[in-house]
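Following: one structure in C-alpha cells, then a few remarks.
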Amino acid sequence: MPPHSSPIVCQKSKNCVEAKPQALLVDSPFTRRDGDTLHSSYTYRRNALARDATTGALKVTPQVHDFRFRTNLKPSRTGVMLVGLGGNNGSTALGAIIANRHGMSWRSRDGTHTANYFGSVTQAATVHLGWDGSEQVYVPFNDILPILSPSDLVVDGWDINGANLYEAMLRSKVFEPTLIDQLRPHMEGIVPKPSIYYPDFIASNQSDRANNLIPGSSKSAHLTRIRDDIREFKQKHELDTVIVLWTANTERFTEVRAGLNMTADELLAAIERNEEEVSPSNVFAVASILEGAHYINGSPQNTLVPGIVQLAKKKNVFVGGDDFKSGQTKIKSALVDFLVSSGLKPESIVSYNHLGNNDGKNLSEQRQFRSKEISKASVVDDMVAANHILYPDGKGPDHCIVIKYVPFVGDSKRAMDEYTCSIFMGGKQTISMHNTCEDSLLASPLIYDLAILTELSVRIQYSSDGGMTYQPFHEVLSLLSIFLKAPVVPEGTPVGNAFMRQFSALTKLFTAVAGISSDSDLQLEFFSKLPAGKAIGLASPLVAKAPVQTVTDDALPGLV
C-alpha cells in the first residue's frame with residue numbers, strides 16, 4: 001500500500017498561518033487513508049498481574065489487545081477562552097501568538113530575539129523514530145499527526161480586571177519593552193470580558209483588582225452570562241471547537257459532599273439556589289460543558305468535582321486539570337524519577353519559592369497557598385509507590401514547600417530546592433538547586449499544548465471490537481497529565497507524575513495512532529542479529545478494500 005501523507009489544511013481565517021508541508025510518510029499495512037480520515041490498527045501489549053493467594057508470588061500473564069483508531073486529519077477551527085485573560089499568563093500567551101504571527105523580533109541587552117514557541121512540547125519537542133543506518137532520527141512532534149499551531153488559535157476571555165491587554169503587559173513586566181511597543185497596536189484594543197468574583201474563594205488582597213465584573217450576585221445569572229459569552233464567541237469566529245481554560249487566581253478548595261456537587265444534578269441545583277460553596281471556577285466549568293466547550297483547569301483548586309465530571313460525560317466533552325506543571329515541579333517530576341530509578345532513596349525534599357507577580361500575591365494567604373501546596377506535594381507519590389525496595393512501608397520523603405511573596409522580583413520566580421538521599425552503605429547525597437524561572441514564559445506554552453492536544457483528541461476515536469464501533473477517549477483527558485502538577489484522571493486510574501514516563505506515554509500513543517512503531521527506543525539491532533526487515537504485526541492489517549465506517553452523530557458521543 002502506498003505511504004500516506006497528512007498535510008495540515010490551512011484554515012480559512014484572517015489569522016490563518018500556512019502550514020508547512022508534511023515531511024513524514026508512513027508506509028504500513030496497518031494504516032489506510034480515506035480522504036481526510038486515517039484508519040490505523042495497533043496491538044497493545046500489557047501484563048495482566050495477580051498475586052497467588054497461597055504463596056503471594058506475582059503471576060504475570062502477557063496479553064495483547066487489538067485497537068483500531070480513526071483520526072480526522074483536518075484540524076478544526078479552534079478558539080480558546082482564557083479565564084484570567086488579563087493576567088500574566090493570559091496577556092503573555094496572546095502577545096506571543098501575535099508576535100509569532102507577525103514574525104516579530106526585538107532587541108534586549110542580550111541581543112536580538114525572534115518570536116518562537118520554545119517550551120511547547122507540540123511545537124518544539126522531537127520524537128525518536130529509530131536508526132536509519134547512519135544516525136538516530138528524531139522528528140518534530142507536530143510531524144507525527146496534523147495538529148494546530150498556536151498561531152492558528154483564536155483567543156478571547158474574561159478577567160476581573162478591566163485593563164486592556166497592552167496595559168496588562170505593562171503591568172506584568174514579562175516581555176521586553178521593545179516587544180511591548182511592537183505589540184501595542186495589536187493589544188491595546190483588546191479588553192477582557194467581565195468576569196465573576198466571589199471574594200471568599202480568592203485572597204482578600206485581590207479586591208482592588210476587581211473592577212470588571214458581571215453585575216449581581218446570582219450564580220444562576222452568572223452561569224447564563226458566561227454561556228452567552230461562549231456561544232457568541234463561537235458564532236462570531238465561526239469556530240468548530242472551543243476550549244475554556246482557567247489561568248486565573250488560585251482558589252481555595254471547595255467542599256465536596258453529597259447534596260452539593262457529587263452529581264451533575266446536585267451541582268446544577270446548587271447553582272440555581274445560589275449555594276455559597278459553588279466557586280467561580282465551578283460556574284465557568286459548568287457553563288463551558290453546557291455549551292459543548294472543553295474545560296481545562298490550569299490552577300490547583302479542585303474545580304473538577306464529581307458532578308462536573310459527570311456533566312462532561314453527559315454532554316460528551318473533555319475536561320482536564322489540575323495546575324500547570326511549568327518550573328520547579330516539572331524539574332522535581334524528572335529529578336526524583338531519575339533518583340528513584342537509579343536506586344537512590346530521596347529522604348527529604350525541601351522546596352522554597354519566592355515570586356512577585358499577582359499569583360504570588362494571591363498565594364500569600366493561607367487558604368489559597370494550601371491549594372498550591374497540595375498540588376505540589378503530590379508530584380512524587382507515584383515514584384515512591386514504584387519502588388518498594390527503597391520505600392517498603394510506602395512512606396515517602398519528608399516534603400516541605402514554602403512560597404513567599406516578594407514584589408520586587410516580579411514574574412522572575414526564584415526556586416531553591418534541596419534533595420537529600422540515602423545512598424550506598426549508609427551514605428548521604430545532597431543535591432541543592434537554584435532555579436530562576438520566568439514564570440509566565442514557562443506557563444504560557446503549556447496553555448498552547450493543552451489546547452492543541454485537546455483539539456487533536458476531539459479528532460481521534462478508537463475501537464476495541466475490530467472496527468465495529470468507535471468511541472472517543474474518556475471524558476477526563478488524562479493524556480494531558482504531562483502538563484499538570486496534580487493530574488485529574490478517570491476514577492480508578494493511577495496518577496502518574498514522572499515526567500519522562502508521561503512524555504513516553506504521550507508520544508507512544510500518537511505514533512500508534514499514526515501507524516508508526518512505538519517501540520523504537522528498544523533498538524534490538526544494536527545488540528542482536530536483526531532478522532530480515534518486513535512489516536510485522538499482530539493486529540489485523542487494514543486492507544484497501546476494507547469498508548469505510550458510516551459516521552452518524554450518535555456514533556460520535558465525545559465530539560463537539
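Values reported hereafter were calculated over all heavy atoms of this structure, with side chains retained and with hydrogens, waters and symmetry mates removed.
Of the possible donor and acceptor atoms, none in the side chain of Thr92 sits under 3.5 Å from a partner among the backbone N and O of Asn89. Asn435 contributes no side-chain N or O that, together with a main-chain N or O of Ala415, makes up a donor-acceptor pair within less than 3.5 Å. Between the Asn211 side chain and the Gly162 main chain, a donor and an acceptor come within less than 3.5 Å of each other. For the pair Ser444 (side chain) and Ser440 (backbone), a donor-acceptor distance under 3.5 Å is present. For the pair Asp240 (side chain) and Arg77 (backbone), a donor-acceptor distance under 3.5 Å is present. Ser412 contributes no side-chain N or O that, together with a main-chain N or O of Val409, makes up a donor-acceptor pair within less than 3.5 Å. Side chain of Ser149 to main chain of Ser151: a donor-acceptor pair is present (N/O by atom type, distance under 3.5 Å, no hydrogens or angles). Judged by distance alone, the side chain of Thr454 and the main-chain N or O of Ile452 form no donor-acceptor pair under 3.5 Å. Lys219 contributes a side-chain N or O that, together with a main-chain N or O of Glu276, makes up a donor-acceptor pair within less than 3.5 Å. Here the side chain of Arg225 pairs no donor or acceptor atom with the backbone of Ile196 at under 3.5 angstrom.
Proximity of Val350 to Tyr419: side-chain heavy atoms (C-beta onward) are nowhere separated by under 4.5 Å. Residues Leu456 and Phe510 form a side-chain contact, since some pair of their non-hydrogen atoms from C-beta on lies under 4.5 Å apart. Side-chain contact between Asn142 and Thr122: absent, with no pair of heavy atoms (C-beta onward) separated by less than 4.5 Å. When side chains are defined from C-beta on, Val139 does not count as touching Thr126, because their heavy atoms never get closer than 4.5 Å. Using a 4.5 Å heavy-atom cutoff, the side chains of Phe233 and Lys236 are not in contact. Side chains of Val402 and Asn353 form no contact here, defined as non-hydrogen atoms less than 4.5 Å apart. Contact check for Val317 versus Tyr295: no side-chain heavy atoms found under the 4.5 Å cut-off.
Across all their heavy atoms, Val406 and His354 have their closest contact at CG2-CB, 3.7 Å. In terms of heavy atoms, Leu484 sits closest to Leu480 at CD1-O, 3.6 Å. For Val154 against Leu239, the heavy-atom pair with the smallest separation is CG2-CD2, 4.1 Å. Nearest approach of Met187 to Leu94, heavy atoms of both residues: SD-CG, 4.1 Å. Between Gly95 and Leu183 the shortest heavy-atom distance is O-CD2, 3.5 Å. The heavy-atom pair separating Phe253 from Gln301 by the smallest distance is CE1-CA, 3.9 Å.
The CH2 atom of Trp246 sits 14.5 Å away from the CD1 atom of Ile296 when rounded to the nearest 0.5 Å. Interatomic distance, CG of Leu85 versus CG of Asn212, reported as 10.5 Å (0.5 Å rounding). Rounded to the nearest 0.5 Å, atoms OG (Ser351) and CG (Asp417) are 4.0 Å apart. To the nearest 0.5 Å, atoms CG (Leu145) and CZ (Phe69) are separated by 10.5 Å. The structure places CD1 of Ile482 at 6.0 Å from CG of Leu506, a figure rounded to the nearest 0.5 Å. Rounded to the nearest 0.5 Å, atoms CG (Leu479) and CG (Leu453) are 6.5 Å apart.
Heavy-atom contacts from other residues, nucleotides or ligands closer than 6.0 Å to CD of Glu438 number 12 or fewer. The environment of CD in Glu188 is crowded: more than 12 heavy-atom neighbours from other residues, nucleotides or ligands sit within 6.0 Å.
Contact check on Arg231 versus Asp228 returns a salt bridge, with a Lys/Arg side-chain nitrogen under 4.0 Å from an Asp/Glu carboxylate oxygen. Taking 4.0 Å as the cut-off between side-chain N and carboxylate O, Asp200 and Arg252 count as a salt-bridged pair. Using a 4.0 Å cut-off between charged side-chain N and carboxylate O, Lys485 and Asp322 make no salt bridge.
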Worked check of side-chain contact (heavy atoms from CB on, under 4.5 Å) between Asn249 and Phe201: CA-CA 9 Å; Asn249 280 320; Phe201 280 92; over 6 Å; no
Steps toward ring pair (Phe, Tyr, Trp, His ring centres under 6.0 Å) verdict (His222, Tyr198): CA-CA 11 Å; His222 293 166; Tyr198 306 154; 5.7 Å; yes
Thr37/Asn72 under side chain to side chain donor-acceptor pair (under 3.5 Å): CA gap, chis, key distance, verdict: CA-CA 5 Å; Thr37 301; Asn72 184 340; 5.6 Å; no
Ser195 vs Asp159, side chain to side chain donor-acceptor pair (under 3.5 Å): CA-CA, chis, key distance, verdict: CA-CA 5 Å; Ser195 191; Asp159 202 282; over 6 Å; no
Lys404/Tyr352 under side-chain contact (heavy atoms from CB on, under 4.5 Å): CA gap, chis, key distance, verdict: CA-CA 8 Å; Lys404 294 297 183 181; Tyr352 169 87; 4.1 Å; yes
Chi angles and distances behind the side chain to side chain donor-acceptor pair (under 3.5 Å) call for Ser281, Ser279: CA-CA 5 Å; Ser281 63; Ser279 68; 3.1 Å; yes
CA sep, side-chain torsions, deciding dist, call: Thr436, Lys413, side chain to side chain donor-acceptor pair (under 3.5 Å): CA-CA 6 Å; Thr436 300; Lys413 181 169 70 175; over 6 Å; no
Stepwise side-chain contact (heavy atoms from CB on, under 4.5 Å) check, Met104 with Ile98: CA-CA 8 Å; Met104 291 181 182; Ile98 293 171; 4.3 Å; yes
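Residues passing the side chain to side chain contact (heavy atoms under 4.5 Å, CB included) test with Asp382, sequence neighbours excluded: Asn497, Ala498. Applying the side chain to side chain contact (heavy atoms under 4.5 Å, CB included) rule to Ala210 yields the partners Ile160, Tyr197, Leu213; only residues at least two apart in sequence or on another chain are considered. Partners of Leu223 by side chain to side chain contact (heavy atoms under 4.5 Å, CB included), not counting sequence neighbours, listed by chain and number: Arg227, Ile271, Val283, Val286, Ala287, Leu290.
In this structure, the ring of Trp158 has its center less than 6.0 angstrom from the ring center of Phe284. Less than 6.0 angstrom separates the ring centroid of Tyr448 from the ring centroid of Tyr117.
For the residue pair Ser76 and Thr241, a side-chain donor N or O sits within less than 3.5 Å of a side-chain acceptor on the partner. For the residue pair Ser288 and His294, no side-chain donor N or O sits within less than 3.5 Å of a side-chain acceptor on the partner. Using a 3.5 Å distance cut-off with no hydrogens or angles, the side chains of Glu251 and Ser299 do not pair a donor with an acceptor. Judged purely by distance below 3.5 Å, without hydrogens or angles, the side chains of Arg171 and Asn161 pair a donor atom with an acceptor atom.
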